[in-house]
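Keep in mind the model is a prediction, meaning the values are calculated, not measured. Note that ligands are numbered from 1 as they come in the structure, with each ligand's atoms numbered from 1 the same way.
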Amino acid sequence: EKGGWPSFMDKEIHEDPEAVANTLLGRFDDQGDIVLDEVHIGLDVFRQIDKIIVVACGTASYAGMVAKYAIEHWVRIPVEVELAHEFRYRDPILTPRTLVVAISQSGETMDTLMALRHAREQGSRVLAICNTQGASIPRESDAVLYTHAGPEIAVASTKAFVAQIVAAYLLGLYLAQVKGTMYRDEIRHILEQLKDMPQKIQWVLDNQAGNVEQAAKRMINAHSFLFLGRHVGYPVALEGALKLKEIAYTFTEGFAAGELKHGPIALVDAGEPVVVIVPSARGRNILHNKVISGIEEVKARGAFTIAVAELGDPDVEQYADVVFWRPVCPTLLSPLVDVVPLQLFAMDMAMLKGYDVDKPRNLAKSVTVE
Ligand code: F6R
């Protein structure tokens, strides 16, 4: 039940920290090694994996995009992310050394199920990342790594998304451990940083919710939104855009920030709201400056700019009309916190417009037809 929350969506967003913590729980030992005993794929098989293809739809596919950045960096093997409904029909290159990772909250998404069946027929191993025990997708996969977000009732996915990202990080760290592409100390260090993420998400919930609601009130009459992000901020931008169109029925488009001058900037007109995910400025991060100059460009054309940025960012307040702050955290892990204000923003916009945030029109919680 809703337990006093106005909606399941509100309750489930506030369960983001728990979803992250519970998905980590029991997946490492006292020495800080990753332990995925439940994943019944032999070490010899894992060692030989030379490519990963993530198949998923919607929000789950954006979790897959985040996984790509982390796993390629840690494991040094290519990770492709493919919408499940596109995958099967293009005769993808699959070998016994390809690991197909099917990400699905419900475990019943027909497009994803058909994709994994195809992969297995071609001789590849399939690992499911799933939130629903015993659903069709985990049943038909070679192995499963469950997300422990708890049942997700609201149609728009929130806590399951952060849990999917955590499961994908665990898979990446495990592969790095098995293949020896990272030192044990490095893996341990990232694991420690991951364990800090629930409290960072909690900080956003405790300290930014009011700020987000104020922003939603200011933008209630906006007809469209652009979302921009770069590197891991790119899938976060896509997810923020999807949440807002799904439940607030506002036209949104998410872009890679670098694409701005290749087309989307033509859409920017006076008053156009543009949401930008700003990477950390620490360590003289070159991406930070590039994204800041993107904000500058849209601002110069009169955009109303909303930034998601790190506390202490030296530049952002100069260009952003509104800032949703995130605590300091490692770049590869930052999607876990950056998505939170965007989930809240979509919910606030929908509530202010009087829509049912748990049951958006035309959508079903699990799409069991192709
Ligand atoms: C977005 C949303 C959908 C699902 C997609 C996949 O909020 O809920 O985009 O993410 O339909 O569903 P699952 O994860 O159940 O396969």
S.K.: Once you round to the nearest 0.5 Å, how far does CH2 of W74 lie from CD1 of I187?
M.R.: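 It is 9.5 Å, given to the nearest 0.5 Å.
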S.K.: Distance alone, cut at 3.5 Å: any donor-acceptor contact between the side chains of T59 and K243?
M.R.: yes
S.K.: Angle class for the H148/Y146 ring planes (parallel below 30°, perpendicular above 60°, tilted otherwise)?
M.R.: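 H148 vs Y146 ring planes: parallel.
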S.K.: Salt bridge (Lys or Arg N to Asp or Glu O under 4.0 Å): which pairs involve residues 205-216, sequence neighbours left out?
M.R.: E213-K217
S.K.: C57 versus T112: any side-chain heavy-atom pair under 4.5 Å?
M.R.: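 Sidechains of T112 and C57: in contact.
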S.K.: Show the protein residues that qualify under the rule heavy atom under 4.0 Å from an atom of ligand 1, listing them in chain and number order.
M.R.: C57, G58, T59, A60, S104, Q105, S106, T109, V155, A156, S157, L242, K243, E246
S.K.: For residues N211 and Q208, is any side-chain donor paired with an opposing acceptor at under 3.5 Å?
M.R.: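 Short answer, yes.
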